[in-house]
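Written out below as C-alpha cells is the structure these notes cover.
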Protein chains: 2
Amino acid sequence: MGKQITEMLKGTLEGIVLAILSEQPAYGYEITAGLRGMGFADIAEGTVYALLVRIELKGLVDVEKHPSEKGPPRKVYSINAQGQAYLEEFWRTWGFLAGRLEHLRGEGN
Amino acid sequence: MGKQITEMLKGTLEGIVLAILSEQPAYGYEITAGLRGMGFADIAEGTVYALLVRIELKGLVDVEKHPSEKGPPRKVYSINAQGQAYLEEFWRTWGFLAGRLEHLRGEGN
DNA sequence: GCGTCTACTCTGTGATACTATGTACCAGTA
DNA sequence: TACTGGTACATAGTATCACAGAGTAGACGC
C-alpha cells in the first residue's frame, strides 16, 4: 500500500477507532489486533495508544482499569455521549469527502 | 465542518488535485477556485500552491508557463505518466479505506 | 533463570494542511 | 495620478497526526 495510506489515515483513524468503540468497549491491544484483522496490517501499536490518550484528553471516551490474566492491567475504553456526537460529525464529514471523491473517480474512469 | 476535514484531507487532497488534472491541465488559481466550487469552501490558496510545488518535485506533473490577460503568468500543470500511475495507486488505496469505513458505518448504523 | 507472550508507555521524526503575509500585474474609476 | 479590486503565485512558521523504535512490566512454560 505504501505511504499513501499513512497520510490518508490522518483524521480517519480516530473515527475508525471511535466506530469500533461504539460497538463495544475495548482496550488498546485489542483494538490494534482488531485493526490488523480488518486489513490495516501495519498499524503501529504506538499509534493506537497515542490516539487513545488523545481521545481521552478530548473527553470522548470513558476509561476503566480491569485486571488482566496476563500482563499489566488493561485500560478499557468506552465511548460516551460526547464521543457519540463526535462520531456522528465524523460520519457526516466522511460522507461529504467520500461523495466528492466518488464523483471525481466516476468522471476520470 | 470544523477541523475534522482538515485532517481528513491529509493524503487525499493530493489525489483530488491529481484527479482534477487528469481531466484537463489547470493552473493553481483555477484549481483553488474549482475546489471551492465543489464544496471545499475553505481551502487556503497557500495549501494548493504548496501542494503543486510538491507534486512537481515528485515528478508527477509537467509545467508550462502561459501568459495571462490579467496578473502574472499562469503555471499550467498537466499530469504525466508517472502521475497517472500515482493516481491509480491512490484510487486503490482510497478504495480499500472507503471499503473498510463503509463496512464500519453499516455495522454501527 | 530465561525466553515469550500480553499490555501499556514514551520520545523523536517526517509529512501535510493551515495561517498569515507578501509580491506582482492589470483594469476600472474618480 | 491615485486608489481599489481581482488575478496569480510564493513562502515562513505552526499544529496535528501516524510512525519508528525503544522501553517497562507481569504471567507463563521450559
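The phosphate of dA8(D) has OP1 or OP2 within less than 4.0 Å of a side-chain N or O from Y27(B). At dA18(D), none of the side-chain N or O atoms of T6(A) fall inside 4.0 Å of OP1 or OP2 (strictly under the cut-off).
Helix bend of the helix from dG1(C)-dC30(D) to dA30(C)-dT1(D): the angle between its two end axes, each built from five pairs, comes to 10° after rounding to 10°.
V53(A) and V63(A) are assigned to two separate hydrophobic clusters, defined by single-linkage of ILVMFWY side chains at heavy-atom distances under 4.5 Å.
At whole-Å resolution of the value, CZ in F90(A) and C1' in dC17(D) are 14 Å apart. The distance from atom NZ of K10(A) to atom P of dC19(D) is 9 Å, rounded to the nearest whole Å. In this structure, the CG atom of L9(A) is 14 Å from the C1' atom of dT16(D), given to the nearest Å. Put simply, CZ on R74(B) is 4 Å from P on dA8(D), counting in whole angstrom units. At whole-Å resolution of the value, OH in Y49(B) and P in dT7(D) are 11 Å apart. Nucleotide dA15(D) holds its C1' atom 16 Å from the CG atom of L57(A), rounded to whole Å. Between the CD1 atom of I43(A) and the P atom of dC17(D) there is a distance of 15 Å, given to the nearest Å. We find that CD of E30(B) is positioned 16 Å from C1' of dG6(D), with the value rounded to whole Å.
No side-chain heavy atom of R74(B) sits less than 4.5 Å from a side-chain heavy atom of K65(B). Side-chain contact between I31(B) and I16(B): absent, with no pair of heavy atoms (C-beta onward) separated by less than 4.5 Å. Here the side chains of M8(A) and K3(A) are not in contact, with every heavy-atom distance at 4.5 Å or above.
Note on L13(B): only backbone sugar-phosphate atoms sit closer than 4.0 angstrom, heavy atoms only; bases stay farther off. As judged by a 4.0 angstrom heavy-atom cut-off over every strand, G28(A) is placed among residues touching the sugar-phosphate backbone only.
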Assess the residue pair E102(B) and W94(A) against the criterion (side chain to side chain contact (heavy atoms under 4.5 Å, CB included)); give the C-alpha distance rounded to whole Å, side-chain angles, the decisive distance to 0.1 Å, and a yes or no. CA-CA 10 Å; E102(B) 286 313 319; W94(A) 166 260; 3.2 Å; yes
May I have the step-by-step check of salt bridge (charged side-chain N to carboxylate O under 4.0 Å, His left out) for K58(B) and E14(B), ending in yes or no? CA-CA 12 Å; K58(B) 284 193 203 168; E14(B) 208 171 285; 2.8 Å; yes
Quick one, V17(A) with Y77(A), criterion side chain to side chain contact (heavy atoms under 4.5 Å, CB included). Give me CA distance, side-chain angles, the key distance, then yes/no. CA-CA 10 Å; V17(A) 170; Y77(A) 294 82; over 6 Å; no
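For DNA chain C, the outermost nucleotides in 5' to 3' order that have an atom under 4.0 Å from a heavy atom of chain B are dT16(C) to dC26(C).
Aromatic ring centroids of F40(A) and F96(B) lie under 6.0 Å apart.
Mapped onto DNA chain C by nearest heavy atom, P73(B) and K75(A) fall at different nucleotides, with K75(A) at the one closer to the 5' end.
Not counting sequence neighbours, Y29(A) has no partner by the ring-ring contact (aromatic ring centres under 6.0 Å, His included) test.
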